[in-house]
Amino acid sequence: MTGSEPKANLGLARELGLTADEYDRIIQRLGREPRYTELGLFSALWSEHCAYKHSRNFLSRLPTQGPRVLQGPGENAGAIDIGDGWAVVFKMESHNHPSFIEPFQGAATGVGGILRDIFTMGARPIAILDSLRFGDPDDPRTRRLVEGVVSGISWYGNCFGCPTVGGEIAFAPEYGGNPLVNVMCVGLVRADRIFRARADGVSNPVFYVGNKTGRDGIHGATMASATFDEHAHERRPTVQVGDPFTEKLLLEACLEAMASGAVVGIQDMGAAGLACCTSEMPARSRTGMEVELDRVPQRETEMTPYEILLSESQERMLLVAARGREAEVKAIFAKWELDAVEIGHVTAGGDLVIRSHGEIVARVPVDALSEAPRYDKERKPPAWLDAVRALDPLTLAEPDDYDDALVTLLGAPTIACKEWAFRQYDQQVGINTLVLPGSDAAVLRVKGTSRALAVATDGNGRQVFLDPRRGAAMAVCEAARNVSCAGARPGGVTDCLNFGSPERPEILWQLAEAVEGIAEACRALELPVVGGNVSLYNETSGRAILPTPIIGVVGVLEDASRLATQWFKAAGHRIALLGPDAVSLGGSEYLWVFHRIVGGTLAPLDLGLERRVQGAVQAAIGAGLAVSAHDCSEGGVAVALAEACMTGPEPIGATVSVPAEGRTDLTLFGEGPSRVIVSVDPVRALEFEALMAESAIPWRWIGATGGERLRIGRGATTVVDADLRGLQHAWRRGFERHVA
C-alpha cells in the first residue's frame, strides 16, 4: 500500500489504543492492511503494558548479570543460585488498574498471575509479599479499596496455599484515583530444572492447559496502558475473575509434567492471554506457530477468534511438549481434572498462523508482534520542582510536646501496625516461615539445607517525587538494608516501576531518573536486577500518582539459626546506632503528618558507606554479636526506637541519648539512608566494638534497654519520656481506625 490509500481500519486501531503512526508501521510490516483479528493482536502486544514502548530504552541501564544469576529479565521470572543445587525464583508484578476498577478480583488475580510466573519456571511458590498504596485514609473510597484489595490478596493466597509473609502499605492523596497493588512471589527450584517460555523444536505439539476460556479480561492489557477518568468503573468487564483452587491443581499438574521430561517450554497466559504466548514463545526461539482456535476449551458460546485470542481468563498456560509424548501430557493433566488440549504445533516459518473453522484469521510474523516500536520522547524536569525543593522544613513550627508528637507519628496509618491486614493472610502454610510479618524482612527456611531466604520490599513515593534518582536509589538501599537487618546477604532485585503517563515530559523524566538511580545503587551494592514490571499511565483525570518504584530484594542467610529481628530481646542490652548523622525532614513522614507538606531536599546518600554499613550489620549478626537490628526509615530514629521497644513478644523499654546539635524534630524524626539500630549483649560489647572498627563506618553507643518507658535525651535534656503502653496503643490502633 502507499501512504495515500484509504486505511479502512484506522478508526478501529485508534479505538484499540494504537496511534496512526503505529497503524502505518503495522501496514509496512505486513505489506497490507491488517485483518480485524490481526489488529487485535497488535493492539494487545504493542500496548505499553506488554511492550514497554516508553521504558525499554531506560531499562537497558540496569545491571542484570552476576555470578549467581541463572535467569535474568526476559522470562516469566528471574532466578539466582543460592547453593547446594537450589535456586530462588522471584518476580514482582502490578495489578493497579484492575484493582481500582474491581478491588477484590483485581488484587486476587494479581496474586494468581504472579504465582503462575513463578511455577512456570519449574519452581514451587513459597511466599507472597504485597506492596500497596492508597489515597487519603479518611476518604470512604479508600476504605472500600483497602478492604477489597486486602480481601482479594488473602482469599487467593490462602486458598491456593502460599503464605503472604510481608510487604508494606502506605497512604498519600496522590494515590486516591489510582491505588497501587504490587505483588511479589518467591519460589524454590533445583538449579538444573528451570523451565523457560520457549517454543523450541519444529513440529513439537502446542498444548492449551488449565481453565477454560471466557470473555473476562478481554483487552485487560490495553486497559492497563491507558489513563483513567470518571468513567473508569465502566471498564469492569476487562477485569479477570480468579479461581485459586483451579490454580492449585494447575500448579501440581505443571510441576508433574515438567518432572516427566515431556515439557519443552511453558508460559502463563497473563496479559494479552493466548495472543501473548503464541507470539512471544516462538519469538524467543526464532520459530513460528500454528494454532487452531476451534480446539481451545471455551466456557462461553459463540466466542469470536478475536475474543478467544485476547481473553485474559485466569489459570491457563500454553505448553510446548516433546513430540511423541502427547499422551503422557494429557494423562497428567487429566489426573488433576484439567484440560490439556493440543491446539497447534511449532513451525519453522517464523509466522503466527491462526485458524478458525478452517479459515486463516491471522497470519503475522512473530517478530512483528514481539518487536513493538520504542519511543524516546522529550523528557524534562517539572517546572515546579525547584520551588518544592526550596522549601526549608526548619522554618516551620516545632511540636509543643515531643511525647505527643511521637504518639501521633506512631499512629499515622503509613507507620502504624498493619496487623489488621496481615492477620487475614495465612503466614505459615508450607511451614517455611521463620520470621512472620512485622519485622524488617520476612525469613523463610530452605528445607533440607541450613540456609534461609530473607525477603523485603520497599519504596517511598514522596522521596522519588522530590528527587527521582536519589529517591529510587534510596529505595534499593532500604530494601537491601532490611534484608541485611535479618542477617542475610542481599542477592538480587526485582522491581515494579509505577508512574503516570509517559506522554508527559516530566513523567518520562521521573522514570528515566529513577531507573538511573536504581542502576547506580544496584551496581554499588552488586545486586543484579533479574526481572520486574513497568506500570505506566497511573493517573486519573490528569492527576498522576507519586512516582513510585517498588523494590523487592531477596537475600541468602547461610545459617538460618543466626537470623535477627527488629525488636529488643532483653533488658540490659546496649544499643548502638550505625551510620551517619545526616538526616533531613524533606519528604519525611513527619513533614506530611504535622504540616501536610511534601517538600525540601533529601538527606545525602553515600553508596559506598551504605554497602559498608550493611556489611557490618551482616557480620555482627553472623557473629552472634547483634541480637536485634532495625533499619531507621519512616519517622526517623525515634520511631525506629519505639518499634524496637514494642514490636516483640514483650515490650522492652530503652533509655538513649541522641546528638544535641540542631533542632529536636530534625534529630528525632529526620530521615536518611544507611542508619541501623542494633542491640548487643554487654558481655560481647568489646567484640562488637572491634568489629565496628574493622568495618570503618560511623557509629556510637546511644543507650541501653530496660524498663517500661522510652526515654530519649539530648545532652542533659530529656525530650521524650513516654510509657510504652501508650505508644503501643497508638501504634496498634493507628491503621485499623482508618480501615476497620
Side-chain angles (χ1 to χ4, degrees), residues 70-71 75-76 79 89 116-117 119-124 189-213 246 249-269 273-298 308-309 315-358 360 362-363 365-367 370:
L70 299 175
Q71 179 60 59
E75 277 289 341
N76 287 305
V89 176
R116 292 194 300 278
D117 282 339
F119 70 77
T120 50
M121 299 290 291
R124 182 173 291 276
V189 64
R190 297 299 297 180
D192 59 352
R193 297 178 188 172
I194 294 173
F195 282 78
R196 292 171 173 84
R198 300 181 62 86
D200 292 334
V202 173
S203 298
N204 274 340
V206 174
F207 277 86
Y208 172 113
V209 301
N211 237 338
K212 290 179 169 57
T213 293
T246 296
L249 298 176
L250 185 60
L251 160 74
E252 300 299 343
C254 286
L255 294 184
E256 183 174 338
M258 292 171 179
S260 74
V263 176
V264 174
I266 185 170
Q267 181 166 333
D268 166 40
M269 288 190 214
L274 190 59
C276 185
C277 297
T278 53
S279 55
E280 289 185 347
M281 290 182 74
R284 293 188 185 100
S285 300
R286 299 188 180 280
T287 55
M289 189 174 287
E290 291 195 11
V291 173
E292 296 279 355
L293 292 185
D294 302 341
R295 301 180 187 175
V296 172
Q298 300 164 46
I308 295 170
L309 284 168
E315 295 87 35
R316 305 177 303 156
M317 303 280 191
L318 195 69
L319 181 155
V320 175
R323 186 172 51 175
R325 304 191 68 174
E326 294 88 344
E328 194 173 348
V329 170
K330 292 177 182 178
I332 290 171
F333 282 87
K335 167 187 169 183
W336 294 98
E337 300 181 347
L338 294 172
D339 284 319
V341 180
E342 186 177 344
I343 64 169
H345 60 276
V346 179
T347 65
D351 283 352
L352 171 61
V353 179
I354 306 292
R355 288 188 172 85
S356 178
H357 301 298
I360 293 178
R363 181 189 290 274
V366 293
D367 59 359
S370 62

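Throughout, residue positions are numbered sequentially from 1 according to the sequence presented.
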* Asked: What pairs with Arg196 under salt bridge (charged side-chain N to carboxylate O under 4.0 Å, His left out), at least two apart in sequence or on another chain?
  -> none

* Asked: With sequence neighbours left out, which residue pairs that include part of residues 346-355 fulfil the side-chain hydrogen bond (donor to acceptor under 3.5 Å, both in side chains) condition?
  -> Glu290-Arg355

* If you measure from CG on Leu309 to CG on Leu293, what distance do you get to the nearest 0.5 Å? -> 5.0 Å

* To do: Among Glu280, Arg198, Arg116, find the residue that satisfies the side-chain hydrogen bond (donor to acceptor under 3.5 Å, both in side chains) test when tested with Gln267.
  => Glu280

* Working to the nearest 0.5 Å, report the span between CE of Met258 and CD1 of Ile266. => 4.0 Å

* What pairs with Arg316 under salt bridge (charged side-chain N to carboxylate O under 4.0 Å, His left out), at least two apart in sequence or on another chain? -> none

* Taking atom CZ of Arg193 as the centre, does the number of heavy atoms from other residues, nucleotides or ligands within less than 6.0 Å exceed 12? -> no

* **Asp268 CG to Thr120 OG1 distance, which is reported to the nearest 0.5 Å** => 6.0 Å

* To do: For Glu326, enumerate each residue passing the salt bridge (charged side-chain N to carboxylate O under 4.0 Å, His left out) test, keeping only those at least two apart in sequence or located in another chain.
  => none

* Can you measure from CG (Leu251) to CZ (Phe119) and round to the nearest 0.5 angstrom? => 5.0 Å

* Quick check: are there more than 12 heavy atoms from other residues, nucleotides or ligands sitting under 6.0 Å from CZ of Arg295? -> yes

* Mind checking salt bridge (charged side-chain N to carboxylate O under 4.0 Å, His left out) for Lys212 and listing every partner two or more places apart, or none if nothing turns up? => Asp339

* Asked: Could you give all pairs that pass the side-chain hydrogen bond (donor to acceptor under 3.5 Å, both in side chains) test and reach residues 251-265, with sequence neighbours left out?
  -> Arg124-Glu252, Lys248-Glu252, Glu256-Lys335, Glu256-Trp336

* To do: Report the distance from atom CG of Asp367 to atom CG of Leu352, rounding to the nearest 0.5 Å.
  => 11.5 Å

